[in-house]
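From a predicted model like this one, the values you see are computed outputs, not experimental measurements.
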Amino acid sequence: PVPATPVITQSGNTLTSSAPTGNQWYLNGGIITGATGQNYTATQNGNYTVIASANNCSSASSNSLFVTITGLNDLAEENISIYPNPASSQLFVATGSLLVTQINIYNAAGSLVKQITEPQSKSVDISELAEGAYIAEIKTIQASVIRRWIKINAEK
């Protein structure tokens, strides 16, 4: 028999499938490894679905539910900082336990001047940048945070 189409309900960041068993959760169409319970705690913004299976042969998919995580942006906002400011050759990013996935540097005109994907260190070489005002966008799995800073020449 084909299981009933599961319905997702949300309470805070916790999602619940109406199917008591046979669940597999998905985020933006990709499988969430190990997420097979009736409840799932969302950790990222995005479209969540659940597929309920019966007897390992028939399944039914829920409608998509867009989830906006609450509280994570506040955590990131408090825990992410850059230093020194002003900076001359190196800019350091302090994130506590948050994992940085990308750092984007924009000039005062809003143009992207440097991008670091999956940084291996929390230090950014800014020696090639001209003096002036910049914006650092620090992206983590949970949030994106903007910090303003000034680039100066080292000899001043």
Taken in chain and number order and not counting sequence neighbours, the residues that satisfy side chain to side chain contact (heavy atoms under 4.5 Å, CB included) with Ala4 are none

If you measure from OG on Ser88 to CD on Glu131, what distance do you get to the nearest 0.5 Å?
10.0 Å

Run the numbers on Val100 and Ile138 for side chain to side chain contact (heavy atoms under 4.5 Å, CB included), then give the verdict.
CA-CA 7 Å; Val100 175; Ile138 299 103; 4.0 Å; yes

Can you name the side chain to side chain donor-acceptor pair (under 3.5 Å) partners of Tyr106, sequence neighbours left out?
Glu137

Heavy atoms only: give me the nearest Ile116-Pro119 pair and the separation to one decimal.
CG2-CB, 3.7 Å

Contacts of type side chain to side chain donor-acceptor pair (under 3.5 Å), residue Gln38, not counting sequence neighbours
none

Calculate, to the nearest 0.5 Å, the distance between atoms OG1 and CD1 belonging to Thr117 and Ile103 respectively.
9.5 Å

About how many Å separate OH of Tyr83 and CG of Leu91, when rounded to the nearest 0.5 Å?
9.5 Å

Indicate every side-chain donor-acceptor pair of residues 47-54 with a distance under 3.5 Å to a residue at least two apart or in another chain.
unit_1 : atom_1 : unit_2 : atom_2 : d
Asn47  : OD1    : Ser64  : OG     : 3.4
Tyr48  : OH     : Gln44  : N      : 3.4
Tyr48  : OH     : Gln44  : O      : 2.8

Given the options Asn39, Thr9, Asn23, Ser17 meets side chain to side chain donor-acceptor pair (under 3.5 Å) only with Asn23

What donor-acceptor contacts under 3.5 angstrom involve side-chain atoms of residues 121-129, with partners at least two apart or in another chain?
unit_1 : atom_1 : unit_2 : atom_2 : d
Ser121 : OG     : Ser123 : N      : 3.0
Ser121 : OG     : Ser123 : O      : 3.4
Lys122 : NZ     : Thr95  : OG1    : 2.6
Ser123 : OG     : Gln90  : OE1    : 2.3
Asp125 : OD1    : Ser127 : N      : 3.0
Asp125 : OD1    : Ser127 : OG     : 2.7
Glu128 : OE2    : Lys114 : NZ     : 3.0

Ile80 and Thr140: side chain to side chain contact (heavy atoms under 4.5 Å, CB included), yes or no, with the steps?
CA-CA 10 Å; Ile80 295 178; Thr140 71; 3.8 Å; yes

Would you kindly confirm whether Ile150 and Phe92 end up in one hydrophobic cluster when ILVMFWY residues are joined by side chain heavy atoms under 4.5 Å apart?
no

Show me the pairs that pass salt bridge (Lys or Arg N to Asp or Glu O under 4.0 Å) and involve residues 34-58, at least two apart or across chains.
none

Would you check if the side chain of Arg147 reaches a backbone N or O of Val93 as a donor-acceptor pair within less than 3.5 Å?
no

Return each pair, listed once, that meets side chain to side chain donor-acceptor pair (under 3.5 Å) where at least one residue sits in residues 26-35; pairs must be two or more places apart or across chains.
none

Partner residues of Thr36 under the side chain to side chain contact (heavy atoms under 4.5 Å, CB included) criterion, sequence neighbours left out
Gln24

Value for OG1 (Thr43) from CG (Leu27), rounded to nearest 0.5 Å, stands at 7.5 Å

Applying salt bridge (Lys or Arg N to Asp or Glu O under 4.0 Å) as the test, list every pair that has at least one member in residues 29-44; sequence neighbours left out.
none

Residues forming a side chain to side chain donor-acceptor pair (under 3.5 Å) with Asn63, sequence neighbours excluded:
none

Inter- and intrachain pairs under ring-ring contact (aromatic ring centres under 6.0 Å, His included), touching residues 120-142, at least two apart:
Tyr134-Trp149

Taking side chain to side chain contact (heavy atoms under 4.5 Å, CB included) as the test, write out the residues that go with Gln10, two or more places apart.
Leu15, Leu65, Val67

How long is the straight-line distance from NZ of Lys139 back to OG1 of Thr101, given to the nearest 0.5 Å?
7.0 Å

